[in-house]
Q: 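Input: one structure, supplied below.
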Amino acid sequence: QQQVKQSPQSLIVQKGGIPIINCAYENTAFDYFPWYQQFPGKGPALLIAIRPDVSEKKEGRFTISFNKSAKQFSLHIMDSQPGDSATYFCAASRGNQFYFGTGTSLTVIP
Amino acid sequence: DTGVSQDPRHKITKRGQNVTFRCDPISEHNRLYWYRQTLGQGPEFLTYFQNEAQLEKSRLLSDRFSAERPKGSFSTLEIQRTEQGDSAMYLCASTDGAALGREGYTFGSGTRLTVV
């Protein structure tokens, strides 16, 4: 049973575009929602995270939008660059165990 | 400290052989996790240590899998009688109680296991 559902599976945008990746969860006990970025051959690296008491968090070009009532959250990448091409995973947790989405492969075309 | 280190980076083994992976966490982190990631999927939780105590184990961790963290520092993950379905990237992550909410996990680069 997939605890966190992520879409789309892949995404191609032009440089400067704003890719949006969406995630949905069911367990209302989750209290921490991170996004990870993974390059080929590397482990995932934390990008940005949010707690359910805020609706938006922005760090640099990355923004999380959080809708607690809909149990959905999304990642927006402003002014995307070719170096942003990677796989992005959303996750949700309460306590120690993280539940990851299936990933979105992002390609930013120069 | 250079982050979470995993060794080896790649391992090719024949079906039925035993393999052991090592993880060296960030030195001040008391929590250590093992995850498994198959192609096109997100990481899946296997097990969690706080110091030397193994506190949680996933149902994914069959009895062919065993993990240890004998002195609360490095950890090993052993897979006995490997099967082709064990082929995956095995990721180690570490954190401490304060960092978990602030930084989440710090993952290593993983050990890619191929069972032939």
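All chains are named by letter (A, B, ...) in the order of the sequence lines, taking the proteins before the strands, and each is independently numbered beginning at 1. On a predicted model such as this, the values are computed, not experimentally measured, just so you know.
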Q: Out of curiosity, Q38(A) CD to F107(B) CZ, how far, rounded to the nearest 0.5 Å?
A: 8.5 Å
Q: Which residues satisfy the side-chain contact (heavy atoms from CB on, under 4.5 Å) test with S87(B), sequence neighbours excluded?
A: V115(B)
Q: Check whether Q6(A) gets within reach of chain B through its side chain, its backbone, both or neither, counting any heavy atom under 4.5 Å.
A: neither
Q: Hey, quick one: are I79(B) and Y35(B) part of the same hydrophobic cluster, counting side-chain heavy atoms closer than 4.5 Å, chains of contacts allowed?
A: no
Q: Heavy atoms only: give me the nearest G43(A)-L91(B) pair and the separation to one decimal.
A: CA-CD2, 3.9 Å
Q: Find out if a path of hydrophobic residues (ILVMFWY) with successive side-chain heavy-atom gaps under 4.5 Å connects Y99(A) to Y90(B).
A: no
Q: How about CD on Q80(B), more than 12 heavy atoms from neighbouring residues, nucleotides or ligands closer than 6.0 Å, or not?
A: yes
Q: Got a sec: does the CD of E59(A) have more than 12 other heavy atoms crowding it under 6.0 Å?
A: yes
Q: For P34(A), is it the side chain, the backbone, both, or neither that has a heavy atom closer than 4.5 Å to a heavy atom of chain B?
A: neither
Q: Checking heavy atoms, do the side chain of Q41(B), its backbone, both or neither come under 4.5 Å from chain A?
A: both
Q: Linking I/L/V/M/F/W/Y whenever any side-chain heavy atoms sit under 4.5 Å apart, do L46(B) and Y36(A) land together?
A: no
Q: Could you have a look at E44(B), Q6(B), Q37(B) and say which one has the most heavy-atom pairs with chain A under 4.5 angstrom?
A: Q37(B)
Q: Around atom CZ of R15(B), are there more than 12 heavy atoms of other residues, nucleotides or ligands at under 6.0 Å?
A: no
Q: For the aromatic rings, using the six-membered ring if either is Trp, is the centroid distance between F98(A) and Y105(B) under 6.0 Å?
A: yes
Q: Are Y33(B) and M89(B) linked, directly or through intermediate hydrophobic residues, by side-chain heavy-atom contacts shorter than 4.5 Å (ILVMFWY only)?
A: yes
Q: Main chain of G41(A), side chain of R9(B): is a donor-acceptor contact present, judged purely on distance under 3.5 Å?
A: yes
Q: I'd like to know whether the aromatic ring centres of F45(B) and F100(A) sit less than 6.0 Å apart in this structure.
A: no
Q: Rounded at 0.5 Å granularity, tell me how far CD in Q97(A) sits from CG in L55(B).
A: 12.5 Å
Q: What residue in P43(B), G40(B), G42(B) has the most heavy-atom pairs under 4.5 Å with chain A?
A: P43(B)
